[in-house]
Amino acid sequence: MTAPEAESLRARPAQRRRSEWRAQAPVVAVVAAGGSLGATARYALTLAWPTPAGGFPWATFWTNVSGCAVIGVLMVLITDVWAAHRLVRPFFGTGVLGGYTTFSTYAVDIQKLTDGGHPRTALVYLAVTLLAALAAVWAASAAARALLTRRQR
């Protein structure tokens, strides 16, 4: 093998990485843009509905439950209704709704309640949020599918 051939073989993986990055750059951009919108909405909700010390974190609870419900509807629309552009799901699903829902704050709230001497509230919050979020995804996606099938008749 000559030196120029060896050089071209070494350059190909780097070129492939650059090409993969160029293909994924729009996805990263829409996730970042959507995430900033969702996180801003979530933060506004927590400012409007602050949690008192030792109190049930209602703003985070309803943010997560409502976000999960919207995710259920969005996934039905994207998978069953629209031939969506490839950036719709990353923008709305991962970006906006990923930034809006906040299961990391949920975990911090549980720790704060436990450390603050409110283990029962923490346990209720832990269980109720998980069950309500799962129920919201299921109910919203089932309702969206039911509406879609009714409209198609």
Trainee: If you round to the nearest 0.5 Å, how far is CZ of Phe61 from OG1 of Thr102?
Mentor: 14.5 Å
Trainee: For a 4.5 angstrom cut-off between non-hydrogen side-chain atoms, does Val88 reach Ile78?
Mentor: yes
Trainee: Residues two or more places apart in sequence or in another chain: which of them pass side chain to side chain donor-acceptor pair (under 3.5 Å) with Thr101?
Mentor: none
Trainee: Could you walk me through whether Leu147 and Arg150 pass side chain to side chain contact (heavy atoms under 4.5 Å, CB included), step by step?
Mentor: CA-CA 5 Å; Leu147 282 171; Arg150 195 174 316 145; 4.0 Å; yes
Trainee: How far does CD1 of Ile71 sit from CG of Asn64, to the nearest 0.5 angstrom?
Mentor: 9.0 Å
Trainee: Below 3.5 Å, can you tabulate the donor-acceptor pairs from side chains in residues 30-38 to any protein atom, sequence neighbours excluded?
Mentor:
residue : atom : partner : partner atom : Å
Ser36   : OG   : Ala33   : O            : 2.7

Trainee: Checking Arg42 side chain against Gly99 main chain: does a donor-acceptor pair fall under 3.5 Å?
Mentor: yes
Trainee: Can you list everything that forms a side-chain contact (heavy atoms from CB on, under 4.5 Å) with Ser141? Sequence neighbours excluded, please.
Mentor: Val76, Arg145
Trainee: Do Val73 and Trp82 sit in one hydrophobic cluster, given that two such residues count as connected whenever their side-chain heavy atoms are within less than 4.5 Å of each other, even indirectly?
Mentor: yes
Trainee: What is the distance from atom CG of Leu123 to atom CD1 of Ile110, rounded to the nearest 0.5 Å?
Mentor: 9.0 Å
Trainee: Does some side-chain heavy atom of Asp115 sit less than 4.5 Å from a side-chain heavy atom of Lys112?
Mentor: no
Trainee: What is the distance from atom CH2 of Trp49 to atom OG1 of Thr60, rounded to the nearest 0.5 Å?
Mentor: 10.0 Å
Trainee: Taking all atoms of both residues into account, what is the closest heavy-atom pair of Ala133 and Cys68, and its distance?
Mentor: O-CB, 3.5 Å
Trainee: Tell me, please, which residues at least two apart from Thr121 pass side chain to side chain donor-acceptor pair (under 3.5 Å).
Mentor: none
Trainee: Counting neighbours of CH2 on Trp138 that are heavy atoms of other residues, nucleotides or ligands and sit closer than 6.0 Å, is the number greater than 12?
Mentor: no
Trainee: Considering non-hydrogen atoms only, spot the tightest contact between Gly55 and Leu113 and give its length.
Mentor: O-CD2, 3.6 Å
Trainee: ring-ring contact (aromatic ring centres under 6.0 Å, His included): which pairs involve residues 91-110, sequence neighbours left out?
Mentor: Phe103-Tyr106, Tyr106-Tyr125
Trainee: Could I get the full list of side-chain contact (heavy atoms from CB on, under 4.5 Å) partners for Pro26, not counting sequence neighbours?
Mentor: Arg86, Leu87
Trainee: Evaluate the criterion side chain to side chain contact (heavy atoms under 4.5 Å, CB included) for residue pair Val81 and Leu148; output intermediate values, then yes/no.
Mentor: CA-CA 8 Å; Val81 177; Leu148 288 171; 3.2 Å; yes
Trainee: Could you go through Arg89 and Met75, starting from their C-alpha distance and side-chain angles, then the distance that decides it, and tell me whether this counts as side chain to side chain contact (heavy atoms under 4.5 Å, CB included)?
Mentor: CA-CA 8 Å; Arg89 188 174 182 170; Met75 290 304 113; 3.6 Å; yes
Trainee: Measuring from Leu126:CG to Asp109:CG, what's the distance to the nearest 0.5 Å?
Mentor: 11.5 Å
Trainee: Please say yes or no: joined through hydrophobic side-chain contacts below 4.5 Å, possibly via intermediate residues, are Leu131 and Val137 part of one cluster?
Mentor: no
Trainee: Does Phe56 have more than 12 heavy atoms from other residues, nucleotides or ligands lying within 6.0 Å of its CZ?
Mentor: yes
Trainee: Out of curiosity, Leu77 CG to Asp80 CG, how far, rounded to the nearest 0.5 Å?
Mentor: 8.5 Å
